[in-house]
Amino acid sequence: MRDADDMTLPARFSPPGPVSIVAFLVFLSFFAWSLAAAGISISELVEGLPNMGHIASEMVPPATDRFWPMLSSVLVTFQMALVGTVIGIVLSVPLALLAARNHTPHRLVRSAIRSLVSFIRTVPDLAWALFFVASVGLGPFAGTLTLVMDTIGFCARFFAEAIEEVESGPAEALTALGAPNSAVIACATLPMAMPSLINTSLFALEKAVRSSVVLGLVGAGGIGAELATSMEMFRYDQAATIVLMIFLLVVLVEALSSHARQRLLKNRH
Amino acid sequence: MTSINGGVANHAIPTGEPALVVQDLSKTYRAGEPPVWSNVSFSVPRGQRVAIIGGNGAGKSTLLRCCMRLVEPDAGEVYFGAHKITGLRGRALSRARAQVGFVFQKHNLVHRLSVLTNVLHGGLAQRRSPRLWFQSVAPATDRRKALSCLAQVNLAPLCGRRTDELSGGQSQRVAIARALMQQPTMIFADEPVASLDPQAGEDVMQVFSDLAQAQGLTLVFVTHHLEHALRYADRVLGLQGGRLALDAPTANQSIAGLRGMYA
Ligand SMILES: Nc1ncnc2c1ncn2[C@@H]1O[C@H](COP(=O)(O)OP(=O)(O)O)[C@@H](O)[C@H]1O
Ligand SMILES: [Mg+2]
């Protein structure tokens, strides 16, 4: 065995270069400035504590006076989410095929669709909701349109990726036997991508249910409007009921969706 | 269901008229690289069984793919019977492809669909109806026809199974049934038994051979099993060094002689 003395261990730390030091200092000062901009204030937090306690105590017991109208609002919220998601999924499939490398008619079509979908995804939900409220008026239709956009932004992208990842053999086999393109897509590409498409669709539904809740805040229908009203009227007990209902809805949808995921993935045709 | 010679079961005896003609075919994948092979010419009479051999990368798969226009040849012509395949587009190309059942090394079935549905897909070129997409909505005559194709490869009892529940040998036989559903005049097979165990491989080769005999199908298969080439083919083509280096009847070939193709 060799003597440990004549072997050199690497240094525990390598000294940072001047560029890293400058970058670090820049980051540090920007963060300090951001702290101020974010309005972090311990004193306000401490002063706010009794208010928080007060609101929390107002919340129990949750109010039952508007139980039925609230329940019906929650139902409308879910219905908006369901319809918006389904329409969004149906529109996403052709978009995804056009955006997938292995099915796009042209490279430029692919980039154009990809950019469109990224744009749809980047515009925030509330901006879409305001746009649709302004164009089609207050109410659940505006919310549903918002959720359609929300779903397209999410599904078209992940569907396209799922379609690109599908093993090419079965599609090639159908092409080789002279099947038309529509049949290659319907009989090979989509069935092969199906587990992933189902999975993404169910996530889209869960996501839509969660986003649908806030749409009412800008008048796009659903339970959000009830929530805004209760908060404005200082009816924190009603707000508590609404929050509980939303919580139950989300939990229920997530449970159903994970159950559906398991069932659907087993199906055959 | 028409095919260029007006049916499938009526030419059990090879007539000597060519089913496949390949003329001066050349293929280079990337400009600047040497061609995979060039000036390949041969002509296969109806009902003949042809084995293609050659080392890895010799271009056997490329040759079969070029004949189907799954890969575009750079020069030369391919004919199925009297019909020129090179230059066809769209529907005409689909109809031409439909005459050939192509069986791949990997069965290439859609594994989430049932066996019967996969076999039905063989009819998609002749009948472009969406009813052939899934067995559940397919017309009764097509379902029966698919079942009889499965019966020809001895798999009728498995018609309701999901394809991913089958063994490798069974899957490959389903792929053959799908090819039969096309009512093809030729079968091309690219190393169809390379991923099967020896017994399953022997079974699959026997199915090919019996079908070719019974229906007068022209069979062109790629293999690395020289004994399969000798046993199941009438003629052997060898690709080596970028050209067709061997074209001979199997009757006067030996395994030792064919080994020369891999030198
Ligand atoms: N799609 C492709 N693009 C570029 N080169 C390819 C492609 N397919 C095959 N090749 C090349 O062409 C040669 C022949 O391949 P292949 O026809 O698959 O040979 P074989 O089937 O005899 O093993 C190989 O060198 C391979 O790397
Ligand atoms: Mg090969």
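Atoms considered below: every heavy atom in the structure, side chains included; atoms not considered: hydrogens, waters and symmetry mates. Chain naming here is simple, since letters A, B, ... match the order of the sequence lines and numbering starts at 1 in each. All values derive from a computational prediction rather than experimental measurement.
- Heavy atoms from other residues, nucleotides or ligands lying under 6.0 Å from CZ of A:Phe141 number 12 at most.
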(request) With side-chain contact (heavy atoms from CB on, under 4.5 Å) as the test, would you mind laying out the steps for B:Val110 and A:Cys187 before giving the verdict? (result) CA-CA 8 Å; B:Val110 183; A:Cys187 300; 5.7 Å; no
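- B:Ala125 and A:Ala179 get closest at one heavy-atom pair: CB-N, 4.3 Å.
- Heavy atoms of B:Leu70 lying under 4.5 Å from chain A belong exclusively to its side chain.
- The two residues B:Arg178 and A:Ala173 have their closest heavy-atom pair at NH2-CB, 3.4 Å.
- Taken to the nearest 0.5 Å, the OG1 atom of A:Thr175 stands 11.5 Å off from the CZ atom of B:Phe102.
- B:Arg95 does not touch chain A: none of its heavy atoms, backbone or side chain, sits under 4.5 Å away.
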(request) Report the C-alpha separation of A:Leu177 and B:Met181 in whole Å, then their side-chain angles, then the decisive distance to 0.1 Å, and conclude whether the side-chain contact (heavy atoms from CB on, under 4.5 Å) test is met. (result) CA-CA 10 Å; A:Leu177 63 77; B:Met181 186 75 184; over 6 Å; no
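- A salt bridge does not link B:Lys106 with A:Glu172: every distance from a Lys NZ or Arg NE/NH1/NH2 to an Asp or Glu carboxylate oxygen is 4.0 Å or more.
- Among the candidates A:Pro180, A:Ala183, A:Ala171, A:Pro195, the residue making the largest number of heavy-atom pairs closer than 4.5 Å to chain B is A:Pro180.
- Only the side chain of A:Leu174 comes within less than 4.5 Å of a heavy atom of chain B; its backbone N, CA, C and O stay farther away.
- Nearest approach of A:Ala186 to B:Phe134, heavy atoms of both residues: O-CZ, 4.1 Å.
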(message) Pair B:Arg112, A:Met194 - check side-chain contact (heavy atoms from CB on, under 4.5 Å), show working.
(response) CA-CA 9 Å; B:Arg112 294 177 47 73; A:Met194 198 49 74; 3.9 Å; yes
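- To the nearest 0.5 angstrom, B:Asn108 atom CG is 7.5 Å from A:Ser168 atom OG.
- Closest heavy-atom contact between B:Ser94 and A:Gly178: CB-O, 3.3 Å.
- Heavy atoms closer than 4.5 Å to chain A are found in both the backbone and the side chain of B:His111.
- Contacts between B:Arg65 and chain A at a heavy-atom distance below 4.5 Å involve the side chain alone, from C-beta outward.
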